[in-house]
Amino acid sequence: MKIIRSPAAMTAWSEGLRRQGVTIGFVPTMGALHDGHRSLIREARLQCDALVVSIFVNPTQFGPQEDLAKYPRPISHDRAICRQEGVDVCFEPTAEAMYPAGFQTTVTVPAIARRWEGEARPHHFSGVATVVTKLFGMVRPHRALFGQKDFQQSVLVQQLVKDLNLGVAIMVRPTVREQDGLAMSSRNIYLSADERHRAVTLYQSLRAGAAVIRTGERNAKTIRLAMAQVVTQQPTISIDYLTVSDPFTLEPVSLVTSKVVLLGAIRLGSVRLIDNLLVAVPHRSS
Ligand code: AMP
């Protein structure tokens with residue numbers, strides 16, 4: 001496996017392969033790789049001839065009060081996983097190479113970024129949209145894989161690629177979970193043993209929402225209440241948001257008439273967790 005740090009060297013490698021008709025797959029990550037990342041890497045390995053994984057903790061998607069400095073960076077462990085999974089290039093650009101002096105262009109996707117994570121983290125999605133655009137420019141992939149775990153991000157990336165004609169096929173893969181249902185995340189290591197035990201409440205709350213939809217409930221307010229009830233049973237957990245939304249616009253719905261996404265964010269001590277579930281609604285033949 002090659003380790004490439006320079007953006008110019010990354011582009012040269014990809015361009016060489018593209019000229020030979022090789023299909024390049026790309027999995028952008030911030031490292032601290034777990035089985036969620038692994039599932040994206042495996043799928044990309046199956047679908048593409050050559051595979052690039054980027055490891056870059058992007059400073060511009062962190063807010064001033066967030067965990068940029070303490071974000072885990074176990075680079076040897078990450079490279080070992082990439083090697084095990086047959087990755088061809090581990091692309092590890094530096095912050096200076098990504099944002100050299102004089103850098104000024106940013107990308108925004110205003111409507112999709114407005115709510116939910118966008119409200120809690122005002123500059124987050126502009127940071128994501130900008131770094132994804134830059135990484136696509138450097139890696140020149142044919143296909144890139146993202147996780148449903150970050151649902152709003154996955155919708156944003158699809159809109160970005162469409163609006164800016166970036167020419168990269170985007171695939172979104174299901175969320176990989178721990179045995180109890182907690183969505184895997186590089187941030188789960190911040191949880192104390194007790195918090196880890198209670199962290200599954202978010203998934204249980206989303207499941208409760210999905211269950212009431214399946215029993216025929218269509219009123220979003222009632223569904224939100226069912227989700228909130230699960231969390232409020234745990235007095236030390238606070239809800240950032242629990243919503244029933246349109247999976248394309250991310251706007252909240254008042255009545256469930258077709259597929260919806262249940263999006264949630266909670267706080268457990270200093271740790272903030274997000275998760276989501278897509279729920280299809282069976283057609284009623286009357
Ligand atoms: P991150 O390193 O957190 O920026 O995530 C890199 C990619 O992995 C993103 O597309 C995430 O959505 C995806 N990802 C993170 N956690 C999971 C998970 N539990 N299951 C599937 N994909 C995930």
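In what follows, every heavy atom counts, from backbone to side chain, and hydrogens, waters and symmetry copies are set aside. In each ligand, atom 1 is the first atom listed, and ligand 1 is the first ligand listed.
For atom 23 (C) of ligand 1, the closest non-hydrogen atom on the protein side is Lys149 CB, 3.9 Å. Of all protein heavy atoms, the one lying nearest to atom 20 (N) of ligand 1 is Val176 N, 2.9 Å. Looking only at heavy atoms of the protein, atom 13 (C) of ligand 1 is closest to Leu40 CD1, 3.7 Å. Atom 10 (O) of ligand 1 has as its closest protein heavy atom Gly147 N, 2.9 Å.
For Pro174, every heavy-atom contact with ligand 1 shorter than 4.0 Å involves the backbone, none the side chain. Only the backbone of Pro28 comes within 4.0 Å of ligand 1, counting heavy atoms alone; no side-chain atom from C-beta on gets that close.
Under the 4.0 angstrom criterion for non-hydrogen atoms, Ser154 is not in contact with ligand 1. Within the structure, ligand 1 has His37 among the residues with a heavy atom less than 4.0 angstrom away.
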Q) Passes side chain to side chain donor-acceptor pair (under 3.5 Å), Asp180 versus Tyr203? Steps please. A) CA-CA 9 Å; Asp180 65 352; Tyr203 179 58; over 6 Å; no

Step by step, work out the side chain to side chain contact (heavy atoms under 4.5 Å, CB included) result for Leu135 and Phe26. CA-CA 10 Å; Leu135 287 168; Phe26 179 40; 3.9 Å; yes

Derivation and outcome, side chain to side chain donor-acceptor pair (under 3.5 Å), residues Arg121 and Gln61: CA-CA 9 Å; Arg121 311 178 69 189; Gln61 69 191 68; over 6 Å; no

Which pairs of donor and acceptor atoms, one on a side chain in residues 259-273, lie under 3.5 Å apart (sequence neighbours left out)?
unit_1, atom_1, unit_2, atom_2, d
Arg267, NE, Asp240, OD1, 3.1
Arg267, NH2, Asp240, OD2, 3.3
Arg272, NE, Asp240, OD2, 2.7
Arg272, NH1, Glu117, OE1, 2.8
Arg272, NH1, Glu117, OE2, 3.4
Arg272, NH2, Glu117, OE2, 2.8
Arg272, NH2, Asp240, OD2, 3.2

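If you check each of Arg38, Met30, His34 against atom 16 (N) of ligand 1, the one with the closest non-hydrogen atom is His34.
For ligand 1, one of its N or O atoms has an N or O atom of Met184 under 3.5 Å away. At a 3.5 angstrom cut-off on N or O pairs, Asp150 counts as close to ligand 1.
Looking at Arg143 and Gln47, their side chains do bring a donor and an acceptor atom within 3.5 Å of each other.
In this structure, CE in Met10 is found 11.5 Å from CD in Glu92, a value given to the nearest 0.5 Å.
Contact check for Arg173 versus Phe146: no side-chain heavy atoms found under the 4.5 Å cut-off.
Listed by number with element, the atoms of ligand 1 under 4.0 Å from a non-hydrogen atom of Thr175 are 19 (N), 20 (N), 21 (C).
Thr60 pairs by the side-chain contact (heavy atoms from CB on, under 4.5 Å) definition with Asn58, Tyr99, not counting sequence neighbours.
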